[in-house]
Asks: 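Before I ask anything, let me first share the structure, which is written out below as structure tokens.
These numbers were taken from a predicted model, which means no experiment stands behind them. The sequence lines fix the lettering, A, B, ..., with proteins before strands; numbering per chain opens at 1.
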There are 2 protein chains.
Amino acid sequence: MKHITIKDLAKELGVSISTVSRAFNNKYDIKPETRDLILKKAEELGYRPNPIARKLIQQRSYNIGVVVPEFENSFFPKVLMGVQEVMHDKGYQVLVMQSNYSWEMEKKNVETLVDNMVDGLIVSLTSENQNIDYYKKLLTQNIPIVFFNRTVEDIAASKVLFDDFKWALFATEHLILQGYQHIVHLSGAPHLTLSKNRLKGFKQAHTKHRLEPGKVIQCGFRTEDGERVAKELIEKGEIPRAIFAANDSSAIGAMNVFKQHGYKIPQDIAIVGFTESNLAKHIYPTLTSVEQPTQDIGQTAATLLLEQIANKGVFVPQTIVLNGRLNVRESSMNPQ
Amino acid sequence: MKHITIKDLAKELGVSISTVSRAFNNKYDIKPETRDLILKKAEELGYRPNPIARKLIQQRSYNIGVVVPEFENSFFPKVLMGVQEVMHDKGYQVLVMQSNYSWEMEKKNVETLVDNMVDGLIVSLTSENQNIDYYKKLLTQNIPIVFFNRTVEDIAASKVLFDDFKWALFATEHLILQGYQHIVHLSGAPHLTLSKNRLKGFKQAHTKHRLEPGKVIQCGFRTEDGERVAKELIEKGEIPRAIFAANDSSAIGAMNVFKQHGYKIPQDIAIVGFTESNLAKHIYPTLTSVEQPTQDIGQTAATLLLEQIANKGVFVPQTIVLNGRLNVRESSMNPQ
DNA sequence: ACAACTTCCGAAAACCTTTCCGATAAATAT
DNA sequence: ATATTTATCGGAAAGGTTTTCGGAAGTTGT
């Protein structure tokens with residue numbers, strides 16, 4: 001017993017295929033009574049239009065695709081929630097693929113999504129150097145894309161971003177105002193704009209408060225990166241008074257190593273992180289961190305994409321920058 | 001300028017459509033030279049077979065769908081990694097949908113996935129009572145499904161499970177062997193088999209060691225559930241010597257509340273959790289917890305599904321139970 | 001030299017829908 | 001009463017591929 005098709009339903013009712021189709025897409029040129037009749041019978045037989053065939057002829061799917069590097073940290077899952085919320089409201093389904101920080105896989109993911117005729121894409125780049133020509137080509141083919149979180153400057157697409165510079169400045173300033181000097185920055189993956197901007201913010205805070213430029217250590221985003229750097233610092237005997245890390249994972253990695261070696265947080269070393277992992281308020285001591293409006297990021301990205309899908313062809317790329325919050329916790333409170 | 005189709009490519013080369021198709025599906029009845037010629041030209045023109053059309057006629061997609069309740073906790077993302085690993089190896093793409101702990105959404109997700117002609121499904125149930133008739137229908141329609149983590153007994157599908165009973169017993173036993181008595185169990189959502197089994201394990205540990213039955217408090221899986229229960233216990237003045245929680249989130253919630261009220265962990269109260277959240281080894285004190293083989297769960301689920309896809313029609317449902325590990329940490333170490 | 005295979009390829013059907021175009025009958029206008 | 005519009009429907013093309021079937025060569029066997 002195979003799938004029941006529109007033909008079966010039409011024959012069953014003694015009407016033509018086109019009429020059934022009209023009923024399902026409720027077109028104007030069908031008598032309301034016959035429409036109801038068809039819909040009722042369809043329900044009865046369990047008929048549902050085959051979306052594959054529909055996609056093939058309509059060249060659209062009412063699916064949108066989201067591509068993220070990972071969802072092990074809570075950041076991406078949370079923005080995903082935002083995306084889903086508005087998309088489901090509008091009758092879209094959300095297909096998610098993770099690229100595992102590999103740009104080859106990212107490309108493959110985007111390709112399958114496009115091949116599956118998603119009506120649009122929301123993507124957070126794995127690397128800013130790697131696939132951008134491919135994305136530009138996609139854009140010229142008029143496929144709606146909005147980037148978030150990790151993007152690249154010179155691409156004419158909509159983006160929803162976070163003001164990394166501003167909030168890195170605030171975070172650093174917070175440390176300065178707490179009376180800390182000689183702050184060290186553990187910077188993120190150097191090729192990402194967000195790393196660069198956080199670094200810039202760190203530097204700007206120093207010049208603003210007429211301090212010597214703070215020390216910068218190339219670190220990375222993973223817990224192990226933070227651990228490694230902390231160990232190096234301990235070996236060299238260069239124990240900083242305060243640390244501003246480019247994200248929570250590296251902050252926590254460093255913090256743990258320092259704790260293991262007997263340093264007290266924040267008495268000996270103050271620490272602030274970035275991007276509010278869900279560890280921040282549970283770890284000991286609780287970690288001061290910049291919180292991004294994750295849900296909101298997802299929602300605006302989705303809304304932007306929807307607009308773009310609606311006015312296909314005649315849209316102007318928008319860049320929306322969202323606001324955050326600095327959650328001050330124990331790890332950065334100067335005890336004196 | 002539209003998509004380039006098989007027809008364009010055929011005309012360009014002066015061969016028939018069928019020959020081009022044969023080249024791409026490398027069938028036996030095509031001359032190797034013409035195949036190479038076609039493939040080269042295709043590369044040149046940027047032609048790729050339209051998967052929608054292909055799905056429509058082949059009734060298969062080389063996509064598989066995964067439906068999970070959420071991916072905010074690291075559990076599901078990690079099994080997802082396992083799934084992706086083996087699926088990508090075999091040339092499958094993985095579409096992920098989250099049902100947000102709503103069985104209506106779960107059903108919708110499964111429907112879109114099926115409509116999109118995924119070759120199979122891997123799902124973790126949101127509720128064990130709600131959609132199971134629907135799943136049974138799917139099964140009779142010969143759609144390969146494997147369940148994991150949250151499943152239901154009387155359904156003839158493959159499952160990959162964890163021996164919650166055994167590991168709950170071990171976890172409780174660990175507390176007993178550390179010298180703790182009067183252990184309280186914070187149980188999970190009562191309608192889930194995994195909650196029941198963890199509860200059973202808790203009880204079994206007591207009878208095995210000839211102890212009074214331990215107290216059970218209906219709690220839930222979220223951090224707030226643990227917080228609520230802890231507050232209630234404090235109000236009533238019934239401070240337990242040890243707690244075995246049905247998962248890490250509730251354990252952590254309870255732990256935080258107790259800590260805030262001045263109780264020392266583990267000196268005053270020992271705690272062990274379940275399912276090794278990524279908080280466990282970062283929180284203070286570090287949390288003893290049962291670790292599930294997440295990656296492995298994903299891999300076996302994927303392998304099982306692949307088998308089932310291969311021998312469609314003539315397969316016997318398999319249930320695979322995987323082993324875990326008890327990570328003993330500070331929160332349960334009896335100081336004396 | 002002729003039959004019987006191989007090897008390679010083209011034509012056309014099939015997958016399931018939507019949509020354009022035209023047809024019929026009823027309703028309105030003249 | 002005739003002409004024109006409106007409401008409703010059916011036929012067929014289109015979307016892009018795979019696959020079955022049959023045919024034209026070339027190859028082998030006797």
Side-chain angles (χ1 to χ4, degrees), chain A residues 1-39 41-42 45-63 111-112 114-119 141, chain B residues 1-39 41-42 45-63 91 111-112 114-119 141-142:
Chain A
M1 180 47 205
K2 296 269 64 173
H3 255 172
I4 168 166
T5 81
I6 196 174
K7 232 182 263 176
D8 305 325
L9 186 55
K11 199 183 293 174
E12 186 80 15
L13 284 162
V15 299
S16 79
I17 294 178
S18 359
T19 327
V20 178
S21 175
R22 272 185 274 257
F24 270 89
N25 304 19
N26 57 345
K27 289 295 170 78
Y28 61 97
D29 58 346
I30 186 172
K31 189 155 58 169
E33 294 99 67
T34 56
R35 171 165 46 78
D36 296 342
L37 206 76
I38 290 171
L39 258 26
K41 195 76 177 178
L45 299 186
Y47 166 75
R48 304 179 36 193
N50 180 327
I52 300 283
R54 173 177 262 172
K55 279 184 212 181
L56 183 58
I57 192 162
Q58 286 196 148
Q59 309 276 40
R60 78 173 300 177
S61 64
Y62 279 97
N63 287 165
E111 278 173 351
T112 33
V114 170
D115 287 347
N116 278 284
M117 291 190 179
V118 290
D119 296 351
Q141 288 173 24
Chain B
M1 181 45 205
K2 298 266 67 173
H3 255 172
I4 168 167
T5 82
I6 196 175
K7 236 182 262 178
D8 305 324
L9 186 55
K11 198 182 296 175
E12 186 80 17
L13 284 161
V15 299
S16 79
I17 295 178
S18 0
T19 321
V20 176
S21 175
R22 270 186 273 257
F24 271 90
N25 304 11
N26 55 347
K27 289 291 171 86
Y28 60 97
D29 59 345
I30 186 173
K31 190 156 58 170
E33 294 99 67
T34 56
R35 172 165 47 76
D36 297 343
L37 208 76
I38 291 172
L39 258 26
K41 194 74 179 182
L45 299 186
Y47 165 75
R48 303 181 33 194
N50 181 327
I52 300 282
R54 172 178 264 174
K55 280 185 212 182
L56 184 58
I57 192 161
Q58 286 198 147
Q59 311 274 46
R60 77 174 300 177
S61 64
Y62 280 96
N63 286 165
E111 278 173 351
T112 34
V114 170
D115 288 347
N116 278 283
M117 292 191 180
V118 290
D119 296 350
Q141 287 173 24
N142 237 316

Asks: Taking all non-hydrogen atoms of both residues into account, name the closest pair between Tyr47(A) and Leu9(A) and its distance.
Replies: CD2-CD2, 3.6 Å
Asks: Please determine if a side-chain N or O atom of Lys31(A) lies less than 4.0 Å away from the OP1 or OP2 oxygen of dA7(D).
Replies: no
Asks: Answer with base, sugar-phosphate or nothing: what part of the nucleic acid does Thr19(B) contact at a heavy-atom distance below 4.0 Å?
Replies: sugar-phosphate
Asks: Of the non-hydrogen atoms in Ala23(A) and Leu39(A), which two are nearest, and what is the gap between them?
Replies: O-CD1, 4.1 Å
Asks: What are the two closest heavy atoms between Asn50(B) and Asp115(A), and how far apart are they?
Replies: OD1-O, 4.5 Å
Asks: Expressed in angstrom and rounded to an integer, what is the separation of Arg54(A) atom CZ from dC15(C) atom C1'?
Replies: 16 Å
Asks: Of the nucleotides dG10(C), dT17(D), dG16(D), which one has an atom closest to the side chain of Pro49(B)?
Replies: dT17(D)
Asks: I want to check one thing: is the phosphate of dC9(C), taken as OP1 and OP2, less than 4.0 Å away from some side-chain N or O of Ser16(B)?
Replies: no
Asks: Rounding to an integer number of Å, can you tell me how far Ile38(A) CD1 sits from dG10(D) P?
Replies: 8 Å
Asks: Please report the closest heavy-atom contact between Ala10(A) and Ile17(A), naming both atoms and the distance.
Replies: CB-N, 3.9 Å
Asks: Could you go through Gln59(A) and Met117(A), starting from their C-alpha distance and side-chain angles, then the distance that decides it, and tell me whether this counts as side-chain contact (heavy atoms from CB on, under 4.5 Å)?
Replies: CA-CA 7 Å; Gln59(A) 309 276 40; Met117(A) 291 190 179; 3.1 Å; yes
Asks: Roughly, in whole Å, what's the span from CD1 in Ile57(B) to C1' in dG15(D)?
Replies: 13 Å
Asks: Would you kindly compare Gln58(B) and Pro32(B) by the position of their nearest DNA chain C nucleotide and give the one closer to the 5′ end?
Replies: Pro32(B)
Asks: Report which part of the nucleic acid Ile17(A) touches: base, sugar-phosphate, or nothing (heavy-atom distance under 4.0 Å, all strands).
Replies: base
Asks: Kindly determine whether Ile4(B) and Glu12(B) satisfy side-chain contact (heavy atoms from CB on, under 4.5 Å), including the steps that lead there.
Replies: CA-CA 11 Å; Ile4(B) 168 167; Glu12(B) 186 80 17; over 6 Å; no
Asks: Does the base of dC15(C) carry an N or O that pairs as donor and acceptor with the side chain of Asn50(A) under 3.5 Å?
Replies: no
Asks: Please confirm whether the shortest side-chain N or O distance from Thr34(B) to OP1 or OP2 of dC9(C) is below 4.0 Å.
Replies: yes
Asks: Using whole Å, what does the distance between atom C1' of nucleotide dA11(C) and atom CD1 of Ile6(B) come to?
Replies: 14 Å
Asks: Is it true that a side-chain atom of Asp8(A) and a backbone atom of Thr5(A) form a donor plus acceptor pair closer than 3.5 Å?
Replies: yes
Asks: Please report, rounded to the nearest Å, how far the C1' atom of dT17(C) is from the CE atom of Met117(B).
Replies: 11 Å
Asks: Does the pair Asn116(B) and Lys55(B) meet the rule for a side chain to side chain donor-acceptor pair (under 3.5 Å), with working shown?
Replies: CA-CA 9 Å; Asn116(B) 278 283; Lys55(B) 280 185 212 182; 4.9 Å; no
Asks: Any N or O donor-acceptor pair linking the side chain of Arg22(A) to the base of dG10(D) at under 3.5 Å?
Replies: yes
Asks: Side-chain N or O of Tyr28(B) less than 4.0 angstrom from OP1 or OP2 on dC9(C)?
Replies: no
Asks: With axes from five pairs an end, tell me the bend angle of the helix from dA1(C)-dT30(D) to dT30(C)-dA1(D), nearest 10°.
Replies: 40°
Asks: Check this one for me: any side-chain N or O of Asn25(A) less than 4.0 Å away from OP1 or OP2 of dT18(C)?
Replies: yes
Asks: Between Ile52(B) and Asp29(B), which is nearer to the 5' end of DNA chain D once each is assigned its nearest nucleotide?
Replies: Ile52(B)
Asks: Whether Thr5(B) contacts dG16(D) is assessed here as follows: a side-chain N or O lying under 4.0 Å from the phosphate OP1 or OP2. Is that the case?
Replies: no
Asks: Is any side-chain nitrogen or oxygen of Lys27(B) closer than 4.0 Å to OP1 or OP2 of dT19(D)?
Replies: yes
Asks: Would you mind reading off the distance between Leu56(A) atom CG and dT18(D) atom C1', rounded to a whole angstrom?
Replies: 13 Å
Asks: Whole-Å distance between dT17(D) P and Arg48(B) CZ?
Replies: 11 Å
Asks: Rounded to whole angstrom units, what separation is found between the NZ atom of Lys55(B) and the C1' atom of dT17(C)?
Replies: 15 Å
Asks: Can you list the residues that meet the side chain to side chain donor-acceptor pair (under 3.5 Å) rule with Asn63(A), with sequence neighbours excluded?
Replies: none
Asks: Report the nucleotide, chosen from dT19(D), dG10(D), dT17(C), that has the shortest atom-to-atom distance to any side-chain atom of Ser18(B).
Replies: dT19(D)
Asks: Between Gln59(B) and dT18(D), is there a contact of a side-chain N or O with OP1 or OP2 at under 4.0 Å?
Replies: no
